[in-house]
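This report refers to the structure that appears directly beneath it.
Both ligands and their constituent atoms are indexed starting at 1 by order of listing. As the structure is a prediction and not an experimental result, all values here were calculated from the model.
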Amino acid sequence: MTSQAPADLVEAVGRGDRAALARLLSVVEAGGDDARAALATLPVSTGDGSWTVGITGAPGAGKSTLTARLVHHLRAAGARVAVLAIDPTSPFTGGAILGDRVRMQDHSTDPDVFIRSMATRGHLGGLARAAPQAIRVLAAAGYSWILVETVGVGQVEVEVAGAADTTVVVVNPGWGDGVQAAKAGLLEIGDVFVVNKADRPGVDATVRDLVGMLELAGARAWRPPVLEAVATDDRGVAELLDAIERHREVREASGELEERRERRIADEIRGLVLDRFIKQADDFCSGARFATVVRRVADGECDPYTAATLLIEGADQGGS
Ligand SMILES: Nc1nc2c(ncn2[C@@H]2O[C@H](COP(=O)(O)OP(=O)(O)OP(=O)(O)O)[C@@H](O)[C@H]2O)c(=O)[nH]1
Ligand SMILES: [Mg+2]
C-alpha cells in the first residue's frame, strides 16, 4: 500500500510533510503490522503543547459549522489546527463527510490547517482504536489544536470523545433535545455545552433543561457552562473558544490532566488488545475447522460452549 517504511513516514511527518501525514493516517486507520510499526516509533508523550477538542452532538446539530468557525478563530490567533471528522455511519453513505468538505472549503488552501475524515471500516471497534491513534499522529505532526467531530449517538462516539481533552456537546433548541443528549450519555462527557441554532425558538427552555440536568448530575470541580451560539453567523463562537480555553487552564492547573492522559493510554492499549482478539476470533471462526465444529454442534455431537473451547484450544496447539 505504501512504498515508505512506517518509520520513514513518521520521520517525514515530523518534518512537516503533509503528504506523508495523510499516508501515515491511512496506515494507522488500516491497522495491522504497518500501523503497529509506525505507532511504535511515535512519541507517547505527545499532547505536550497540543489540545484536543471533541465536538459531539446529534446529526445536523451544527457541529461542522461550529468546527469551521472555531478553526477560523484559532487561525486568527496564529495556531496550527487539525480537524478530524469521524463518521461512524456506513462508509457507503459518505453524506456527512461530503457536507463537511463543503463547510471546510474556506480552510482547504491554508497550509496550517489539516482536515481529515475517518469512516468506519469493518467493525466499530476499529474506529474506537484508530481515532485516538490518529490524534496522536496529528499531535506529533505539530498541530497545537486538534478538533475532532463525532456524531454523539452511540457508545463508540462516546468512547472516541474520551480521547479529547475538552469535550463540547452541541444541542439545538427545542423540546427534548437536552433530554436526548442525556439519553445518549453526553451529559457525563460534556465539559462545555452549546445550544446552537439559537436563532430558533426554545433556546431558553433548552438552556434551562441542560443547566438543571447538569446540577442533578452532582458537583464537579469544573462546572460545565451552557452557552448559546448561531454558528452560521459566527455568534457565540468567540465565547465558546473562551470557555474551552478556561477549561484547558483549569485542567492543566488541577493535575488531573496527567491522570486523564494515563487513562487514555490505558484505553488505547485495551483497544489494541481487543482489536487483536477480534482478529483472532475471526480467524477461529472461519475455514474448514470452523465448518466442521459447526456441523458437529448441528448434529448434536457437542454443545456450542465445548465447541468454542475446542476451537480456541485447538488453534493454540495448531499454531495458526
Ligand atoms: N439556523 C441555523 N442553522 C444552522 C446553524 N448552524 C448550522 N446550521 C445549519 O444546520 C445544517 C447542519 O449543519 P452541520 O454543521 O453540517 O451539522 P453537523 O452537526 O456537522 O451535521 P452532521 O455532521 O451531518 O451530523 C446546515 O444546513 C447548517 O447551515 C445555526 O446556528 N442556525
Ligand atoms: Mg458534520
Has ligand 1 got any nitrogen or oxygen that is less than 3.5 angstrom from a nitrogen or oxygen of [X]?
X: Leu66; answer: no
X: Ala198; answer: no
X: Pro59; answer: no

Got a sec: is Thr65 within less than 2.8 Å of the Mg ion (ligand 2) via an N/O/S atom?
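No, outside the cut-off.
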Please indicate whether Arg36 has more than 12 foreign heavy atoms, meaning atoms of other residues, nucleotides or ligands, lying under 6.0 Å from its CZ.
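Enclosed.
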Gap separating the OG1 atom of Thr167 from the CD1 atom of Ile55, nearest 0.5 angstrom
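If we round to the nearest 0.5 Å, Thr167:OG1 and Ile55:CD1 are 9.5 Å apart.
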Taking atom CG of Asp191 and atom CG of Asp165, what is their separation to the nearest 0.5 Å?
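Between Asp191 CG and Asp165 CG, I get 9.5 Å after rounding to 0.5 Å.
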Pick whichever of [options] has a heavy atom sitting closest to [atom].
atom: atom 21 (O) of ligand 1; options: Ala231, Pro173, Gly60; value: Gly60
atom: atom 5 (C) of ligand 1; options: Asp234, Ile86, Thr232; value: Thr232
atom: atom 20 (O) of ligand 1; options: Ala229, Gly236, Ser64, Ala68; value: Ser64
atom: atom 19 (O) of ligand 1; options: Arg235, Lys197, Lys63; value: Lys63

Taking every non-hydrogen atom, the tightest pair across Leu21 and Tyr143:
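Smallest heavy-atom distance, with atoms named: CD2-CE1, 3.7 Å.
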Is there side-chain contact between Leu310 and Arg296, with at least one heavy-atom pair below 4.5 Å?
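With C-beta onward as the side chain, the pair touches.
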Do Leu9 and Asp34 touch side chain to side chain, with heavy atoms closer than 4.5 Å?
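SC-SC contact between Leu9 and Asp34 ruled out.
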State the atoms of ligand 1, each with its element, that fall below the 4.0 Å cut-off from a heavy-atom position in Thr65.
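It comes down to these atoms of ligand 1: 7 (C), 13 (O), 14 (P), 15 (O), 28 (C).
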Just which atoms of ligand 1 are under 4.0 Å from any heavy atom in Glu149?
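Answer for ligand 1: 20 (O), 23 (O).
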Rounded to 10 degrees, the angle OE2 of Glu149 makes with OG of Ser64 at the Mg ion (ligand 2)
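Centred on the Mg ion (ligand 2), the OE2/OG angle is 90° (to 10°).
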Would you tell me whether Ser26 and Arg116 have side-chain atoms, one donor and one acceptor, within less than 3.5 Å of each other?
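Judged by distance alone, the side chains do pair up.
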Below 4.0 Å, non-hydrogen atoms only: which portion of Val230 touches ligand 1? Side chain, backbone, both or neither.
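For Val230, backbone and side-chain atoms both sit under 4.0 Å from ligand 1.
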Treating Ile, Leu, Val, Met, Phe, Trp and Tyr as nodes and any side-chain heavy-atom pair under 4.5 angstrom as an edge, say whether Val194 and Val230 lie in one connected cluster.
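No, Val194 and Val230 fall in different hydrophobic clusters.
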